[in-house]
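When reading the values below, keep in mind they use all heavy atoms of this one structure, side chains included, and skip hydrogens, waters and symmetry mates.
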Amino acid sequence: MRLFTTIAALRCYLNSQKSAAPHLTVGLVPTMGALHAGHLSLIQRARQENAIALVSIFVNPLQFGPTEDFQDYPRNFEQDRLLCEQAGVDVIFAPSPTEMFGNQAVDSLRDSFAARTETEQAAQKQIEIHLSSLTQVVPPPAMTSVLCGKARPGHFQGVAAIVTKLLSLVQPTKAYFGQKDAQQLAMIRKLVFDFNLPVEIVACPIVREESGLAMSSRNQYLTAEQKQQASVLYRALQQASETFSSGDRSAAAALAAAHAAVAGEPAVKLEYAELVDPDTLTPLQVVETAGLLAVAARVGSTRLIDNIILRNRRPIVAIDGPAGAGKSTVTRLAATALNLFYLDTGAMYRALTWLALKTDTPISDECAIAELVSSSYLEYNLDPASKMLKINGEDVTEAIRSLEVTSRVSEMAAIPAVRQFLVEEQRRCGTKGGIIAEGRDIGTNVFPDAELKIFLTASVQERSRRRLLELKETDRANISLAQLEQDIALRDEKDSTREVAPLRKAADAVEIQTDNLTVAEVIDRIVGLYKERMGPKS
């Protein structure tokens, strides 16, 4: 693990790594230190999904108000460093305020990158930033004046400034943020979209203590009794969720349930409970598709936040797994058994391949393909009785099944711009739920919030045997079982290490090993899991 405290060293490292491997993926986890299990879940995800996992540790003075806890914010760099090393982090970037903002902007008794002595720790706490000397990033007031913005003026401008700076310095492939800071997450996604920054913002689930209290560096301020009292916030969110699930989708009902739960714990002083759009933070009266129920409260002098997403949609089932595991067959049959629409992601890739061939756009020219795809639009009818797929207004439902399209679709699917375009399209199809889809990263990337995730697999030997049976009536009937096993093992290796959409099992996916199961038995297993997750009415 490398530790850098200067921008020059960080850039030198990243440049050298990318020179050796131009398509290197970098995952950034921005933190203010005082690392806990919530941070470690982000680091683990970054480690799994990228060649380089980079953690920044910087207590950003710009996001603390005059009366807030900048001076007392927990700092333990040596412990953080050790946790990062144990988690497999490749790089820690721990700059000083002067390094981040320059000499003109920073006043301090002594400026150091990490509090290694009591003197240095005291100096870190006395930093003053002169905003007037900095170029400022100003997010939309509608996003910063609501929720926590009411009590923390200037906070989100400070967050926007440091995140913009870190994204500029690191230029990561993906940046990881916790769902607990939902307002921050929405603002950063907006910032990245508006500035066309080439980074994917990945939201990671809230990690909770056994009591339900959301993990936070500020939990260190709480006594054992206060922690138990603070757990009422999660119970309040759960109560609101139960009210919502009972059929009342109104904000009034959800908020009333949350207020009633918190009122039962006098030591917890509720600052706000609000229901807003998760992306725009606009207040909602009724949840049409999704609503963010966010709360903030004080326990003693400590301010805590928490939230939950309320979704008004039918369930989504995501099925991933290696090639040859029978995903397509199982997914189609499971769609009928579960009364869900089958989202044929393969047809989407075929449609774009058909368009490239029709317009004589060379599939080998990634820039031309990116131009073509970005100016196209798809239309679907997911109803099996009248299945239809159009691209740019032209019905291609049958045309995409041609041999020419089939022979080029894999090449098309390997292009990052194609993948990015279709992931957004697939997510759009899932807005109201009620779908089942399969692929390599449906559960890990496309629908990370799917109600049920399945990882369908089988041994290399079993998949080779099945493939040999399929080939018996073709011109490849003379291929040996040993050669098939070698081919499939090589395909597994490529799929799990590819730069775009690598094959991985989602942490919360249920693995179904199909070696000794019939297709009907696999379907029965999936139906049983679905009913178990969704309840008897499903």
- With distance as the sole test, does Ser245 use its side chain to make a donor-acceptor pair with the main-chain N or O of Ser241 at under 3.5 Å? yes
- How far apart are the C-alpha atoms of Ile454 and Arg525, what are their side-chain angles, what is the distance that settles it, and do they pass the side-chain contact (heavy atoms from CB on, under 4.5 Å) test? CA-CA 10 Å; Ile454 302 291; Arg525 180 81 189 280; over 6 Å; no
- Do other residues, nucleotides or ligands put more than 12 heavy atoms under 6.0 Å from the CD atom of Gln17? yes
- Message: Tell me the closest heavy-atom pair linking Tyr176 and Pro30, and the distance in Å.
- Response: O-CD, 3.5 Å
- Item | Option among Gln426, Arg427, Arg428 that satisfies the side-chain hydrogen bond (donor to acceptor under 3.5 Å, both in side chains) test with Glu424 | Arg427
- Please examine the side chains of Phe93 and Leu169, heavy atoms only from C-beta on, and report whether any two atoms are closer than 4.5 Å. yes
- Contact check, side chains of Phe156 and Cys148, non-hydrogen atoms, under 4.5 Å: yes
- Rounded to the nearest 0.5 Å, what's the gap from CZ on Arg45 to CG on Leu40? Could you check? 15.0 Å
- Ser496 side chain to Leu503 backbone, donor-acceptor under 3.5 Å: no
- Item | Expected output: side-chain Arg298 to main-chain Val268 donor-acceptor under 3.5 Å | no
- What orientation do Tyr73 and Phe64 show, parallel under 30°, tilted 30 to 60°, or perpendicular over 60°? perpendicular
- Lys453 (side chain) donor-acceptor with Pro448 (main chain) under 3.5 angstrom: yes
- Interatomic distance, Ile436 atom CD1 to Leu340 atom CG [nearest 0.5 angstrom]: 6.0 Å
- Test the Arg2-Tyr13 pair against the cation-pi criterion, namely NZ or CZ under 6.0 angstrom from the six-membered ring centroid and within 45° of the ring axis. no
- Message: The test is salt bridge (charged side-chain N to carboxylate O under 4.0 Å, His left out); show your working for Arg504 and Asp320 and say whether it passes.
- Response: CA-CA 8 Å; Arg504 290 195 180 93; Asp320 291 317; over 6 Å; no
- Could you pull out the closest heavy-atom pair between Pro139 and Gln157, with the gap in Å? CD-CG, 3.9 Å
- Query: What do you reckon, is NZ of Lys432 surrounded by more than 12 foreign heavy atoms closer than 6.0 Å?
  - Reply: no
- Task: Just do the side-chain contact (heavy atoms from CB on, under 4.5 Å) check on Leu222 and Leu304 with the steps written out, would you?
- Result: CA-CA 10 Å; Leu222 302 174; Leu304 302 173; 3.9 Å; yes
- Closest heavy-atom pair and its distance - Ile309, Gln179: CD1-NE2, 3.8 Å
- Query: Is there a side-chain contact between Ser216 and Tyr221 (heavy atoms, below 4.5 Å)?
  - Reply: no
- Task: Give a yes or no on whether a salt bridge exists between Arg208 and Asp306, defined as a side-chain N under 4.0 angstrom from a carboxylate O.
- Result: yes
- Query: Is the shortest distance from a Lys or Arg side-chain nitrogen in Glu451 or Arg313 to a carboxylate oxygen in the other one below 4.0 Å?
  - Reply: yes
- Between Asp72 and Arg218, is the closest basic N to carboxylate O distance under 4.0 Å? no
- So, does Asn312 use its side chain to make a donor-acceptor pair with the main chain of Val287 at under 3.5 Å? yes
- Query: Do Leu237 and Leu293 come close enough that some side-chain heavy atom pair is under 4.5 Å?
  - Reply: yes
- Heavy atoms, side chains only, cut-off 4.5 Å: are Val163 and Leu167 in contact? yes
- Message: Donor-acceptor pair, distance only, cut-off 3.5 Å: does the side chain of Glu99 make one with the backbone of Ser96?
- Response: no
- Item | Main-chain N/O of Phe244 paired with Asp248 side-chain donor or acceptor, under 3.5 Å | no
- Message: So Ile162 and Gln63, do their side chains get closer than 4.5 Å, heavy atoms only?
- Response: yes
- Show your reasoning for whether side-chain contact (heavy atoms from CB on, under 4.5 Å) applies to His39 and Ser217. CA-CA 9 Å; His39 294 113; Ser217 298; 3.6 Å; yes
- Item | Approximate separation, where rounding is to 0.5 Å, of Gln79 CD and Leu35 CG | 8.0 Å
- Message: Minimum heavy-atom separation for Val91 and Met1, please, with both atom names.
- Response: N-CG, 4.3 Å
- Item | NE2-CG distance between His155 and Leu62, expressed to the nearest 0.5 angstrom | 11.0 Å
- Message: Assess the residue pair Val137 and Leu191 against the criterion (side-chain contact (heavy atoms from CB on, under 4.5 Å)); give the C-alpha distance rounded to whole Å, side-chain angles, the decisive distance to 0.1 Å, and a yes or no.
- Response: CA-CA 9 Å; Val137 181; Leu191 183 154; 3.9 Å; yes
- Determine, for Asp80 against Arg75, whether the closest basic-nitrogen to carboxylate-oxygen distance falls under 4.0 angstrom. no
- Query: Do the side chains of Ile206 and Asn307 get nearer than 4.5 Å, heavy atoms only?
  - Reply: yes
- Task: Going by the side chain to side chain contact (heavy atoms under 4.5 Å, CB included) test, name the single residue among Val207, Thr31, Val55, Val29 that passes it with Leu42.
- Result: Val29
- Message: Pair Asp441, Arg419 - check salt bridge (charged side-chain N to carboxylate O under 4.0 Å, His left out), show working.
- Response: CA-CA 11 Å; Asp441 67 341; Arg419 192 83 192 170; 2.5 Å; yes
- Query: Under 4.0 Å between a Lys/Arg side-chain N and an Asp/Glu carboxylate O for Lys190 and Asp279?
  - Reply: no
- Over 12 foreign heavy atoms within 6.0 Å of CD, Glu225: no
- Could you give the distance from OG1 (Thr345) to CD1 (Ile435), rounded to the nearest 0.5 Å? 10.0 Å
- Query: Judged by modelled atom types alone, do Ser231 and Arg235 share a side-chain donor-acceptor pair under 3.5 Å?
  - Reply: yes
- Query: So which heavy atom on Gly300 is nearest to which on Gln226, and how close?
  - Reply: CA-NE2, 3.9 Å
- Message: Between Gln183 and Val146, is there a side-chain heavy-atom distance shorter than 4.5 Å?
- Response: yes
- Query: When you check the gap from the basic side-chain N to the acidic O, do Lys150 and Glu274 get nearer than 4.0 Å?
  - Reply: yes
- Donor-acceptor pair, side chain of Ser250 and main chain of Gln285, under 3.5 angstrom: no
- Query: Rounded to the nearest 0.5 Å, how far does CG of Leu233 lie from CG of Leu270?
  - Reply: 7.5 Å
- Task: Using modelled atom types only, decide if a donor and an acceptor are shared between the side chain of Arg47 and the backbone of Ala51 within a distance under 3.5 Å.
- Result: yes
- Donor-acceptor pair, Lys269 side chain versus Pro266 backbone, under 3.5 Å? yes
